[in-house]
Amino acid sequence: MAQPVGRGSGTLKERLGLQGVDIPLLEVALTHRSYSFERPDARNYERLEFLGDAVLGLVVTDMIFHWFPDLPEGELAKLRSSAVNAVVLAKIARSIGLGDDLLLGRGEELSGGRDKDSILADALEAVLGAAYIDCGLDQIRGVVERLFAAHIREEFDRGVLRDFKTNLQEVAVQQGGALPDYRISSTGPDHDRNFVAQVYIRGEHMGSGEGRSKKLAEQAAAKEALTRLAEEAGRTVASNLPAADARAT
């Protein structure tokens, strides 16, 4: 069964950026149960899918835990859920041409199984499980980061989590009507660029932040500005309190 791992553009190993993975095991990861039902000597990917699901969950959890150190547990859980659901997995599987490499039974082939979300998602998890067995967690982390990093950042930017920019805009308008002004700079090569945002309100610098995208940097700057505004509001309230009567006992 050597053909299926090379039917797409380049071998599947090349498209994933894997080294050293066992080809027969990778072929098992591409074998749907409909194929193994027609050929009893063929193993299907269901056990590898079980393992790959756990490995993917661990790696994505570790990534977002370290990428977003200020996020509470609930928001981390939302981001992880948005990153590893079946629709996302199927989309990523299509991006690497995984459907072209699947081994399907005749009925599943005729019913369009190569483009079914459920099959693509399960097969991708199985491939990650197979790769984990032969390549270890370090290589898998690199593969998952390449495949999932952009989606995770997009989900964060899209407002799956708390939107500090919107909150800051609302507070700024309430306190005087001036909209926040963001000024962006960046450093590093195109493939590894780091962005820095400075936010001003009525010309006064209120906060700064860094991130892997402009939106992430702006969110971080807005969060800092919100903290500063809250502190200033607290000081204003305190200064307006009546002074204690020195003669009080």
Side-chain angles (χ1 to χ4, degrees), residues 17 56-85 87-89 91-92 95-96 138 140-240:
L56 178 61
L58 172 62
V59 173
V60 169
T61 299
D62 183 71
M63 287 166 58
I64 64 177
F65 181 85
H66 289 96
W67 284 4
F68 309 106
D70 296 327
L71 289 182
E73 181 271 341
E75 292 184 340
L76 287 171
K78 290 179 186 178
L79 184 56
R80 179 180 60 192
S81 177
S82 72
V84 296
N85 63 63
V87 173
V88 173
L89 292 175
K91 179 180 178 181
I92 290 172
S95 75
I96 58 172
D138 286 344
I140 291 302
R141 180 183 173 88
V143 171
V144 171
E145 188 164 330
R146 285 193 297 275
L147 294 179
F148 287 83
H151 175 76
I152 290 171
R153 291 169 188 146
E154 286 172 6
E155 286 298 311
F156 186 87
D157 289 350
R158 196 174 289 143
V160 170
L161 310 175
R162 185 177 180 183
D163 188 348
F164 295 109
K165 283 186 67 179
T166 298
N167 289 350
L168 178 60
Q169 180 172 315
E170 291 173 353
V171 171
V173 170
Q174 290 170 2
Q175 294 186 359
L179 292 176
D181 174 29
Y182 294 90
R183 304 174 190 178
I184 308 295
S185 60
S186 63
T187 58
D190 289 343
H191 68 277
D192 190 26
R193 191 165 293 278
N194 186 63
F195 294 87
V196 177
Q198 310 290 342
V199 61
Y200 296 79
I201 299 177
R202 294 184 297 276
E204 180 181 0
H205 181 261
M206 299 299 295
S208 61
E210 297 184 35
R212 295 173 180 265
S213 71
K214 292 180 182 179
K215 290 183 179 179
L216 285 175
E218 289 174 345
Q219 289 281 1
K223 181 182 178 182
E224 185 173 287
L226 282 167
T227 300
R228 179 175 171 181
L229 287 172
E231 291 172 349
E232 290 180 352
R235 287 194 294 269
T236 300
V237 170
S239 66
N240 290 332

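Keep in mind that the numbers below use all heavy atoms, side chains included, and drop hydrogens, waters and symmetry copies. The chain is numbered in sequence order, starting from 1. Owing to the predicted nature of the structure, the values given are computational and were not obtained by experimental measurement.
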Next on the checklist: Are Phe148 and Val59 packed together at the side-chain level, in the sense that at least one heavy-atom pair is separated by less than 4.5 angstrom?
Outcome noted: no
Next on the checklist: Could you tell me if the side chain of Leu76 sits less than 4.5 Å from the side chain of Trp67, heavy atoms only?
Outcome noted: no
Checklist entry - Any salt bridge between Glu204 and Arg228, counting N to O under 4.0 Å? => result yes
Checklist entry - Donor-acceptor pair, His151 side chain versus Ser82 backbone, under 3.5 Å? => result yes
Item to check | Any residue meeting salt bridge (charged side-chain N to carboxylate O under 4.0 Å, His left out) with Asp138, in chain and number order, not counting sequence neighbours | outcome: none
Next on the checklist: Taking side chain to side chain donor-acceptor pair (under 3.5 Å) as the definition, give me every residue that meets it alongside Arg212, ordered by chain and number, with sequence neighbours left out.
Outcome noted: none
Checklist entry - Does Glu210 have any salt bridge (charged side-chain N to carboxylate O under 4.0 Å, His left out) partners at least two apart in sequence or in another chain, and if so, which? => result none
Checklist entry - Donor-acceptor pair, Ser95 side chain versus Ile92 backbone, under 3.5 Å? => result yes
Checklist entry - Under 3.5 Å, is there a donor-acceptor pair between the side chain of Ser81 and the main chain of Ala77? => result no
Next on the checklist: Taking side chain to side chain donor-acceptor pair (under 3.5 Å) as the definition, give me every residue that meets it alongside Glu224, ordered by chain and number, with sequence neighbours left out.
Outcome noted: none
Checklist outcome for this item: The side chain to side chain donor-acceptor pair (under 3.5 Å) partner of Glu218 among Lys223, Lys165, Gln198, Arg183 is Lys165
Checklist entry - Among all residues two or more places apart in sequence or in another chain, which pass the side chain to side chain donor-acceptor pair (under 3.5 Å) test with Asp62? => result His66, Arg141
Checklist entry - With a 4.5 Å limit on heavy-atom distance, are the side chains of Asp181 and Ile201 in contact? => result no
Next on the checklist: Suppose we screen for side chain to side chain donor-acceptor pair (under 3.5 Å). Which residues come up paired with Glu145, at least two apart in sequence or across chains?
Outcome noted: none
Checklist entry - Looking only at side chains, do Ser186 and Arg193 share a donor and an acceptor under 3.5 Å apart? => result yes
